[in-house]
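All remarks here apply to the structure that follows.
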2 protein chains.
Amino acid sequence: MSVRLRPLQALKLWQEVGLATIRDHGVDLSARQAVILLTIYLEPPPHTVRGLASKLGVTKPVITRALNAMGDLDLVSRRRDPQDRRNVIIQRTVRGSLFVEQFGDLIVECAGTLPA
Amino acid sequence: MSVRLRPLQALKLWQEVGLATIRDHGVDLSARQAVILLTIYLEPPPHTVRGLASKLGVTKPVITRALNAMGDLDLVSRRRDPQDRRNVIIQRTVRGSLFVEQFGDLIVECAGTLPA
DNA sequence: TTTCCATGATACGGAGACGAAACAGTTAAC
DNA sequence: GTTAACTGTTTCGTCTCCGTATCATGGAAA
């Protein structure tokens with residue numbers, strides 16, 4: 001069952017959620033960081049720097065820096081792959097799971113108050 | 001009639017739309033710029049620098065700079081208010097309308113392909 | 001008129017992100 | 001064992017953005 005959404009509703013939803021995240025002044029991620037975080041938490045592991053860079057169409061340093069920033073916030077964690085020690089496996093954290101979950105709830109809440 | 005959306009669908013939708021905008025390499029606005037643009041095109045005019053700054057909870061230079069950037073892209077335009085020449089009235093443009101419209105369609109399209 | 005207050009724009013220093021290129025570490029090929 | 005290829009990271013110069021403070025202009029009040 002697909003989600004039915006009209007253009008005006010979609011735009012309003014984007015505006016409301018954007019407004020909420022800007023004004024909340026809590027953790028504010030850039031658009032790219034948000035997409036990286038969502039990819040890590042929504043798609044099946046394992047996730048690597050190269051894989052994420054390829055999927056998003058950006059360079060590797062972008063991923064490394066985003067992981068540094070989100071690592072400092074305890075939203076993701078990294079460890080070496082024991083099998084192939086060149087690889088870095090990106091792992092989820094408790095705080096990251098909570099953050100993503102709350103973000104999902106925020107969108108759902110905004111969607112619920114949308115006019116017909 | 002409110003829009004019904006489940007948390008996992010909402011998160012997937014955000015990821016898909018974010019992915020599309022990152023990879024398109026066309027016009028890429030910051031999160032703040034996007035919210036400003038949507039506010040201009042979704043809420044009834046007139047819009048002023050001060051009003052937008054207050055609504056978003058940011059300082060005035062942020063709005064001025066965003067309007068400069070989006071003005072260079074021909075997404076918005078500005079003119080002095082003839083009544084009170086201190087004010088600047090922010091106006092919509094053809095290109096901006098088209099851009100917002102296409103963005104709305106993108107969200108709707110992503111929503112339509114969402115799994116149950 | 002002169003003195004305030006309001007508006008939006010600019011100057012400035014600092015912080016952060018970008019891509020290209022060079023880097024250290026690991027594995028594979030020969 | 002040496003060379004080559006691949007991983008993620010760092011460096012570099014550049015660019016953009018931020019907030020504070022200041023500026024230039026226009027309106028309102030005395």
Side-chain angles (χ1 to χ4, degrees), chain A residues 18-19 21-40 45-92, chain B residues 18-19 21-40 45-92:
Chain A
L19 263 173
T21 54
I22 287 179
R23 307 190 70 166
D24 268 10
H25 274 73
V27 177
D28 66 322
L29 304 176
S30 73
R32 290 187 170 186
Q33 288 175 342
V35 172
I36 293 172
L37 191 71
L38 288 176
T39 301
I40 294 170
H47 297 288
T48 65
V49 172
R50 184 160 197 80
L52 290 173
S54 169
K55 179 169 188 68
L56 300 191
V58 297
T59 57
K60 290 189 292 174
V62 170
I63 305 296
T64 294
R65 282 186 294 253
L67 293 178
N68 287 340
M70 295 192 291
D72 290 345
L73 295 171
D74 196 28
L75 297 178
V76 296
S77 113
R78 281 180 281 191
R79 71 176 176 84
R80 284 279 164 192
D81 181 357
Q83 315 293 344
D84 185 340
R85 292 183 49 75
R86 287 175 299 185
N87 291 333
V88 163
I89 308 274
I90 294 136
Q91 296 179 295
R92 304 168 186 171
Chain B
L19 264 173
T21 55
I22 287 178
R23 307 191 68 165
D24 269 9
H25 274 73
V27 177
D28 68 321
L29 305 176
S30 73
R32 290 187 171 187
Q33 288 175 343
V35 172
I36 292 171
L37 191 71
L38 287 176
T39 301
I40 294 170
H47 297 288
T48 64
V49 173
R50 184 162 199 76
L52 289 173
S54 168
K55 180 171 186 66
L56 299 191
V58 297
T59 59
K60 289 191 292 176
V62 171
I63 306 296
T64 294
R65 282 187 294 254
L67 294 179
N68 287 341
M70 295 192 291
D72 290 345
L73 295 171
D74 195 27
L75 296 178
V76 296
S77 118
R78 281 181 282 193
R79 70 175 176 84
R80 284 279 164 191
D81 181 356
Q83 316 293 344
D84 184 339
R85 292 183 49 75
R86 286 174 300 185
N87 292 332
V88 162
I89 308 276
I90 295 136
Q91 296 180 296
R92 303 167 185 171

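Lettering follows sequence order; numbering is per chain, from 1. Just so it is clear, the structure is predicted and the values come from calculations on it, not from any experiment.
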From the set [options], return the single nucleotide nearest to any side-chain atom of [X].
{"X": "A:Thr59", "options": "C:dT10, D:dG8, C:dA20", "value": "C:dA20"}
{"X": "B:Arg65", "options": "D:dG19, C:dA17, C:dG8", "value": "D:dG19"}
{"X": "B:Val88", "options": "C:dA6, D:dG8, C:dA9", "value": "C:dA9"}
{"X": "B:Arg78", "options": "D:dG8, C:dA9, D:dG27", "value": "C:dA9"}
{"X": "B:Arg32", "options": "D:dC18, C:dA9, D:dT7", "value": "D:dC18"}

* Looking at every strand, decide which applies to A:Asp81 at a 4.0 Å heavy-atom threshold: base, sugar-phosphate, or nothing. => nothing

* To do: Determine the contact category for B:Val62: base if any of its heavy atoms lies under 4.0 Å from a base atom, sugar-phosphate if only primed atoms, P, OP1 or OP2 are that close, otherwise nothing.
  => sugar-phosphate

Strictly below 4.0 Å: does [X] bring a side-chain N or O up to OP1 or OP2 of [N]?
{"X": "A:Arg86", "N": "D:dC6", "value": "no"}
{"X": "B:Thr48", "N": "C:dG8", "value": "yes"}
{"X": "B:Thr64", "N": "C:dG8", "value": "no"}

* Asked: Starting at the 5' end of DNA chain C, which residue's closest nucleotide do you reach first, A:Gln33 or A:Pro82?
  -> A:Gln33

Distance, rounded to the nearest Å, where [X] contributes [atom1] and [N] contributes [atom2]:
{"X": "B:Ile89", "N": "C:dA9", "atom1": "CD1", "atom2": "P", "value": "12 Å"}
{"X": "B:Ile90", "N": "C:dT7", "atom1": "CD1", "atom2": "P", "value": "13 Å"}
{"X": "B:Gln83", "N": "C:dT7", "atom1": "CD", "atom2": "P", "value": "16 Å"}
{"X": "B:Ile63", "N": "D:dG19", "atom1": "CD1", "atom2": "P", "value": "10 Å"}
{"X": "A:Arg80", "N": "D:dG8", "atom1": "CZ", "atom2": "P", "value": "8 Å"}

* Any donor and acceptor pair, going by atom type alone, linking the side chain of A:His47 with main-chain N or O of A:Ile90 inside 3.5 Å? -> no

